[in-house]
Every structure is written in structure tokens, then in C-alpha cells.
Amino acid sequence: MSVEKTPLTDPEEAKLAKRDAMKEAGLSPYPHHFKRNAMAADLQKKYKELQNGAETEDTVSVAGRVMAVRNSGMFIDLMDTSGRIQVFCHADSMSEDELAKLKFLDIGDIIDATGTIRRTPRGELSIRAVSFNILTKSTLPLPDKYHGLTDIEQRYRQRYIDLIMNEDSRDTLRKRSQIISFIRKFMEDRGAIEVETPVLHPIMGGASARPFVTHHNALSSDFFLRVAPELYLKRLIVGGMADKVFEIGRLFRNEGISIKHNPEYTSIEGYEAYMDYNDIMKVIEECVYQAVLHIHGKDTITIGENEVCFKTPWKRISMVDAVTEKSGIDFMAFNTAEQAYQAAADYGLKLDPKLNWGQIVEEMFDACVEPTLIQPTHITDHPHDISPLAKIHRNNPRLVERFESFCNGWEICNAYTELNDPDIQLANFEGQVAQKESGDDEAQMLDDDFVTALRYGLPPTGGYGIGIDRLVMLLTNSHNIRDVICFPTLKPKAQSSSAPRIAAADNDNNEVWQSIDENQKRFVVVVNGKEESQGRILNAVGHAVAGLVGQAETPEDFCFVDYQDADGNIHPSISHYPVIALKAKNSSQLKTAREKAIAEGVLFTDFTDTMTIGKTKEQVEATKEKKTAELDFLALCLFGERDKLNEITKKFSLYK
RNA sequence: GACUGCGUAGCUCAGUCGGUAGAGCAACUGACUUUUAAUCAGUGGGUCGAGGGUUCGAAUCCCUCCGCGGUCACCA
């Protein structure tokens with residue numbers, strides 16, 4: 001079936017052969033030294049006026065990657081980080097020894113070239129090479145030189161290939177650096193200092209989001225990767241480290257990936273003492289405006305289908321007024337959620353009737369205002385209901401002093417006059433804790449020490465947060481957040497799976513289990529949803545569970561408790577760990593889960609159709625006759641660490 | 001998570017009604033030598049994502065799984 005590739009026609013083999021040939025000729029394919037004194041773009045600029053066909057005596061050395069070779073090596077397109085220039089290799093100006101090196105050359109190699117500047121009669125600025133060297137031999141083929149690399153997954157997974165082939169990718173990611181650098185300098189120039197606060201948070205706070213959890217072994221403690229730096233930055237303001245602090249860094253949110261969301265993303269968050277949200281508004285719009293000028297050299301740029309002008313001052317309008325403007329409904333006139341709900345329903349919105357006034361205003365805003373905010377606009381004075389971290393508005397207790405800046409229909413900045421009353425902050429935290437206890441895993445935790453810090457006194461402070469990735473998307477007209485992140489989060493490539501060996505997996509288990517917290521374990525029974533006979537299912541479950549318990553080598557892995565009733569009768573050996581019953585769509589899903597259990601070293605048993613008929617002898621034989629894939633799985637029983645089992649069984653629904 | 005589309009050579013893509021797997025680039029051999037996606041002649045290169053099914057016969061039809069994209073939902 002598999003035919004061996006003819007060595008010299010496989011691109012990689014051919015390149016390896018040339019590399020070996022270089023070595024035999026006494027040339028290193030990876031020399032240590034390099035020399036260059038010019039960049040392609042500088043030369044293109046400097047010799048812009050050079051006439052077609054003109055030769056100069058100016059000698060330069062360039063270095064870069066070979067992107068194309070024409071006329072058997074006479075013309076080489078060389079690309080460095082600044083741009084491209086053609087290298088002209090001709091017997092008129094090169095020795096035989098130099099020309100001989102061409103036979104080692106491939107597209108993709110990194111070379112240097114030294115020679116004189118000329119412009120060919122066809123108008124291409126070139127270096128008439130006297131010598132050249134292969135500085136790094138490339139041994140894998142580059143994508144199609146014309147179409148480039150279009151496979152989206154490969155562009156992100158192997159960004160280096162994308163960068164080699166795609167000018168747009170290089171440009172966008174370089175602009176990202178420029179934008180971040182600009183913002184940093186802008187903030188520093190106005191007296192703010194950049195600080196670094198922990199990424200590992202013992203207490204999750206500062207934003208409502210689902211966190212990543214990790215574990216510090218020596219401290220025997222779980223930590224959360226930060227979802228926001230807010231509470232630490234405010235502590236620095238309390239301490240008077242500076243009146244203005246900011247942090248540019250990565251935040252982590254354990255949520256879905258989309259065209260506008262990456263699990264780790266970059267924000268700038270800052271706090272400035274003795275400022276309120278009106279002051280911050282001016283700072284933000286000036287910063288973004290200057291960034292646009294810096295990157296584009298003009299204040300109006302194309303984003304998608306729109307021309308967007310960033311000239312300051314930006315339009316300001318309160319959230320309620322903006323809703324009134326678009327819908328004709330004045331929500332300030334409604335004092336109850338019921339009235340607001342009715343008005344929104346009349347307008348045509350389908351809402352959860354349990355929403356409060358502020359949430360209804362927000363829903364109206366999202367529906368009829370947000371998409372229309374193409375030109376930069378500050379939306380101000382949000383309902384208090386939806387802004388637990390902002391200070392109550394000085395003129396209206398239903399509102400807070402908050403603004404969000406929108407552009408192209410996206411939010412790019414969120415800012416408040418910060419809440420600095422410790423008692424209100426404590427009450428807000430307690431509300432969050434109550435939500436967490438009722439099952440909201442995005443709710444924040446009570447940070448006692450932060451409240452304590454507020455009791456020492458946080459001066460009147462304005463704060464802001466900008467999502468850098470989204471800002472870069474706007475300023476580079478990028479459609480997907482992954483285009484502005486060098487290495488976006490991707491599902492790890494599946495490891496090449498050799499046939500799993502159960503015995504080996506079991507040995508591993510013994511060690512793993514000893515370190516697992518007892519509270520983290522559970523039983524999971526998954527049954528085949530296609531099986532209609534309840535009797536067969538129950539039989540299968542019974543077998544699977546009994547088998548699983550019988551299989552355990554160390555009884556301490558389980559925890560069974562004797563329950564006693566009012567009459568003093570004992571109900572022995574009830575599992576301390578929960579037993580979860582799930583339903584799979586079919587046998588094949590059970591088979592897949594079983595393979596995952598083996599790969600993960602999770603204790604398991606399964607039960608198949610071949611185990612239902614006859615006595616053990618017949619069943620053993622019937623099972624032996626079938627390949628794994630041919631077996632019809634009725635039930636799968638697992639026991640182990642909760643998180644691990646969740647990973648294996650997450651696609652199954654609860655059996656009801 | 002739901003819906004939807006895609007997966008064929010190293011890269012970019014064809015493949016009709018189910019009937020021997022195709023092209024361009026890249027690679028190899030040679031020609032040519034001021035080219036610009038160089039050109040010309042020839043050569044080699046395939047587990048058609050994986051597994052199963054239907055069929056005399058499957059890249060093609062059916063089922064399952066895997067991977068990726070897009071839209072929607074939550075979030076910035």
C-alpha cells in the first residue's frame with residue numbers, strides 16, 4: 001500500500017540532499033557569521049530615482065529569505081523584515097565558485113548577498129551580486145508562492161509560515177506592537193506609572209466571568225488566573241504608590257472562543273486619583289485619537305464598510321437618552337420594572353420578565369442603539385442595577401457615573417468614577433457571594449482585604465479598562481480577533497494514539513489517585529440511549545457498577561457510609577461520592593468515552609450486548625469473536641476525579 | 001452549547017450520473033538566459049480526515065466519530 005517516496009522528487013528530501021551536499025562541499029548550511037549593511041526597503045527608497053538600466057558602484061550587503069527564483073537562479077527575490085529586493089546573479093560579475101553555490105539554493109533559504117546596486121532594464125531595483133552565502137538552509141517547502149497559505153487553522157497553528165507568506169499578517173501584528181507601545185507612552189507621558197499585579201489570584205474578583213483554576217503544590221492552594229486586575233490596582237491607589245497607575249497585561253476568561261473572544265486577551269486597565277469619569281472620558285478619547293493618528297497619519301479610517309472619524313471630542317449621550325433617541329421611549333419616566341417591561345415588550349423585545357429596570361434599559365440599548373454606534377461615542381450614566389462597581393451618580397440615585405466608549409458597534413472602553421464607600425462595596429460583594437451560592441459560577445468572591453483597604457481610604461478615583469485586542473482590530477481593520485493575536489488559543493492537536501494498554505494505565509492510576517482530594521471524586525454511569533429495554537439497561541448498569549467496585553485494588557479509593565434511620569436500622573455502605581447517571585446517543589459515543597477513560601487512566605468498566613446472553617462461557621466467547629468497534633455498548637461506568645470525568649462525559653446529557 | 005458548511009498531492013484547488021485519482025505551484029531531469037506567479041519539454045509524488053455500512057464496484061450514497069470554519073447564545 002505505502003510506496004516509498006522517490007527521494008529526490010520529495011521536496012523535503014531534495015532540500016536535505018542539498019544540505020548534505022553543502023556539507024560535502026565544505027560549506028556550512030548553518031554558518032555562525034552574517035554580514036549586512038542595508039535593508040531592502042531603505043534601498044528601494046534611496047534608489048527610487050535610479051533610471052531603468054542604470055548601474056552604480058555602490059556596494060551593499062543584504063540578508064533575508066529567498067521567496068522566488070527565476071531563470072535558474074539568475075534572479076532571486078529576497079525578503080527581509082523591511083521589504084523585498086531582487087538579487088541578480090550573473091557570470092559577468094560572479095566567479096564560478098560563487099555561481100556554483102546556486103545549485104544548493106532553494107526557495108525558503110536565508111541568504112546574504114553582496115554586490116552593486118543597479119536597476120534592470122525592466123525597472124526592478126537589483127543587487128548585482130558578487131557573492132552570496134546560504135546563511136540558513138531551509139529543509140521544508142513553503143506554500144504556493146502565489147496563493148500563499150490560506151488554511152485558516154494552519155495559519156494560526158504555524159504562525160511562522162503565515163508570517164513568511166502573508167504581508168497582511170506581518171503588518172497587522174507589527175501594528176499591534178506599535179499600538180501597545182503608543183498607549184504605554186501616552187499614559188507615561190501624563191504621569192501614570194506602569195505596575196504589575198498578580199496573575200495568580202487566591203480570590204476571584206474585579207469582574208464577573210468564569211475563571212481558569214490552577215493549583216500551587218507547595219501552598220496546597222488553588223489559584224484563579226485573573227479575570228481583571230482591578231482590585232489590586234485600586235489597592236495601589238489606596239497606598240499612594242502613585243496617583244496614576246496602569247497595567248497592560250493578559251486577562252483570562254474560561255469562556256467560549258469566537259471571532260471576538262480569545263480565552264486570554266490583553267487589556268489596559270488604569271486608575272487615576274482625584275479624577276472622575278468626565279476627566280477619564282477626555283483621557284480615553286485623546287489616547288485613542290492620538291493612536292489613530294500615530295498608526296494611520298490621519299483621523300479618519302476605514303473599518304469594515306464604514307469610514308470612522310476619531311477626531312475629538314467624541315459624541316456623548318446618556319444610555320437612557322440614547323435609547324429614547326432610537327426608540328422614542330423615555331425609560332426615565334418609568335419607576336418600576338413592570339412599566340419598563342411593558343414598554344420594551346410593546347417595542348417588540350422578548351425579555352425575561354424577571355429583569356429589573358436597569359437590565360431592561362440595557363437590553364433596549366443593546367437591541368436598538370449599540371449596533372448604530374459607528375462613530376466613536378461615549379455612552380454615559382448607566383443604570384445602577386447593572387453597574388455594581390461604579391459610584392452612584394451625583395445627580396440621580398438610579399444611575400451611576402460610568403461610561404462605555406463605542407466604535408463600529410463595539411465597546412472599546414468601560415470606565416467609572418470608582419466606588420470607594422467600603423460599606424456599599426461590602427454589601428455588593430455579599431450580593432455576589434449570594435449569587436455564587438445559588439449557582440452562578442461567574443459571580444465574584446468576597447475579598448475582605450479589599451474592603452479593608454477601602455476602609456483605610458481610596459481617594460476619589462476614576463478608572464478605565466480598554467480591550468487592546470479589539471482596539472487593534474479596529475485600527476487594523478481586522479475581522480477576527482485571532483488575526484491580531486500572534487498565537488491565538490487553539491484546541492491542542494491530538495497526540496498520536498498508539499493502542500492503549502489497560503494494564504499500564506492501571507499502574508499509573510495507583511499513584512495518581514493517592515494525590516486526589518476525596519471531595520473531587522464521583523461515579524458516573526453512562527447508558528446507551530438507543531437501548532429501549534429498561535431491563536437490559538438496569539442489568540447493564542448493575543453489572544458495570546459491581547464490576548467497577550470489584551476492580552478497585554485499593555478500597556480507600558471509595559468512601560462508603562452507613563446511614564441509620566429513626567428505628568436504628570442501618571443502611572450500609574452508601575457511597576459518599578455522588579453517582580451521576582448520564583445518557584449517550586449511541587454505542588459509538590460510549591466506545592469513544594471508554595477510549596478516553598483508558599487514555600486518561602480513569603477507572604472504568606463497560607457492559608456490552610455480548611455479555612447479556614447465555615452463561616459466562618458463552619459470553620466470553622461471544623465477546624472474543626467481536627472487534628471492539630463491532631461491540632454494542634450498553635453501559636459504561638467510571639469512577640475518578642470530577643474534573644477528569646467531566647472532560648470525558650461532558651457531551652452526555654443527564655439521564656432523566 | 002445549538003445550527004450550518006468544509007476536509008482530495010508539501011501548497012492552492014478541480015473531480016459530472018457511483019465505474020482506473022486530475023491541474024497549477026513546489027520538487028526532480030533537461031532547455032533557455034534580463035526575469036517579475038519567468039517560459040518550454042519531460043519525470044516523480046495520493047491511507048481522497050478516520051471507522052463502519054450499502055454496492056459487483058465508493059473521493060462520490062448512508063451512519064458514527066475526529067478536526068476546522070461560519071452564524072447564534074454568554075462574555076471584552
Side-chain angles (χ1 to χ4, degrees), chain A residues 1-15 17-18 52-53 67-77 84 86-92 106-108 118-126 128 139-157 161 165 207-210 227-228 251-267 269 404 410-414 442 465-471 473 479-482 490-494 497 530 584-593 595 627-630 650-651 653:
Chain A
M1 202 74 169
S2 69
V3 181
E4 265 189 50
K5 288 178 175 176
T6 313
L8 288 180
T9 56
D10 177 72
E12 183 180 359
E13 295 291 342
K15 288 165 191 287
K18 287 181 190 173
N52 289 2
M67 297 304 290
V69 177
R70 290 180 294 277
N71 286 51
S72 310
M74 180 180 279
F75 302 100
I76 298 168
D77 278 355
R84 290 189 183 220
Q86 179 170 272
V87 176
F88 178 64
C89 297
H90 197 276
D92 287 353
D106 278 306
I107 290 173
R118 65 185 291 252
R119 191 177 290 279
T120 66
R122 299 279 184 101
E124 189 71 40
L125 190 72
S126 305
R128 177 185 285 278
T139 57
L140 285 172
L142 288 178
D144 187 296
K145 68 187 167 200
Y146 184 63
H147 298 95
L149 184 66
T150 63
D151 182 86
I152 292 169
E153 181 186 2
Q154 201 180 352
R155 284 185 50 203
Y156 297 139
R157 265 190 212 288
I161 305 177
M165 298 307 296
S208 298
R210 194 170 302 130
V227 297
L251 307 183
F252 305 86
R253 299 196 177 179
N254 204 341
E255 285 160 2
I257 294 177
S258 83
I259 203 165
K260 280 163 90 173
H261 298 88
N262 197 59
E264 51 177 307
Y265 69 101
T266 300
S267 81
E269 191 161 322
E404 290 179 295
W410 306 351
E411 179 198 329
I412 55 172
C413 177
N414 185 20
E442 295 187 5
I466 299 175
I468 298 275
D469 311 85
R470 297 246 178 113
L471 183 65
M473 285 172 74
H479 177 66
N480 193 321
I481 194 167
R482 291 169 162 186
L490 299 169
K491 186 170 185 137
K493 270 279 193 215
S497 57
K530 282 230 171 99
K585 267 159 74 176
N586 52 44
S587 170
S588 174
Q589 289 193 330
L590 287 175
K591 184 170 67 76
T592 305
E595 282 162 6
K627 293 182 175 177
T628 314
E630 295 166 359
K650 64 185 174 188
K651 71 186 330 176
S653 55

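Just so it is clear, the structure is predicted and the values come from calculations on it, not from any experiment. Just so we're on the same page: letters track the sequence lines, and every chain starts at 1.
Shown here are the side chain to side chain donor-acceptor pair (under 3.5 Å) partners of A/S258, two or more places apart in sequence or in another chain: A/H261. Legend: residues meeting salt bridge (charged side-chain N to carboxylate O under 4.0 Å, His left out) with A/K18, ordered by chain and number and at least two apart, are A/D106. For A/R210, the salt bridge (charged side-chain N to carboxylate O under 4.0 Å, His left out) partners at least two apart in sequence or on another chain are A/D441, A/E442. Under the salt bridge (charged side-chain N to carboxylate O under 4.0 Å, His left out) criterion, A/E404 pairs with A/R402, not counting sequence neighbours. Remark: A/M74 pairs with A/N71, A/F88, A/H90 by the side chain to side chain contact (heavy atoms under 4.5 Å, CB included) rule, at least two apart or across chains.
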Bracket notation of RNA chain B in which parentheses pair within the strand, [ ] cross earlier pairs, and | pairs with another strand (Watson-Crick or G-U, under 3.5 Å): (((((((..((((.....[..)))).(((((.......))))).....(((((..]....))))))))))))....

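Nearest to the side-chain atoms of A/P141 among the listed nucleotides B/G10, B/C25, B/U71 stands B/G10. Taking every side-chain heavy atom of A/I107 into account, B/A27 is the closest of B/A76, B/U36, B/A27. Distances from the side chain of A/H147 to the nucleotides B/C68, B/U12, B/U34 place B/U12 closest.
When the C1' atom of B/U33 is taken as reference, atom CG of A/D92 falls 11 Å away, rounded to whole Å.
Between A/R118 and the phosphate of B/U34, there is no side-chain N or O to OP1/OP2 separation shorter than 4.0 Å. The phosphate of B/C65 has OP1 or OP2 within less than 4.0 Å of a side-chain N or O from A/Q589. A/N71 has no side-chain polar atom (N or O) that falls below the 4.0 Å cut-off from OP1 or OP2 of B/U36.
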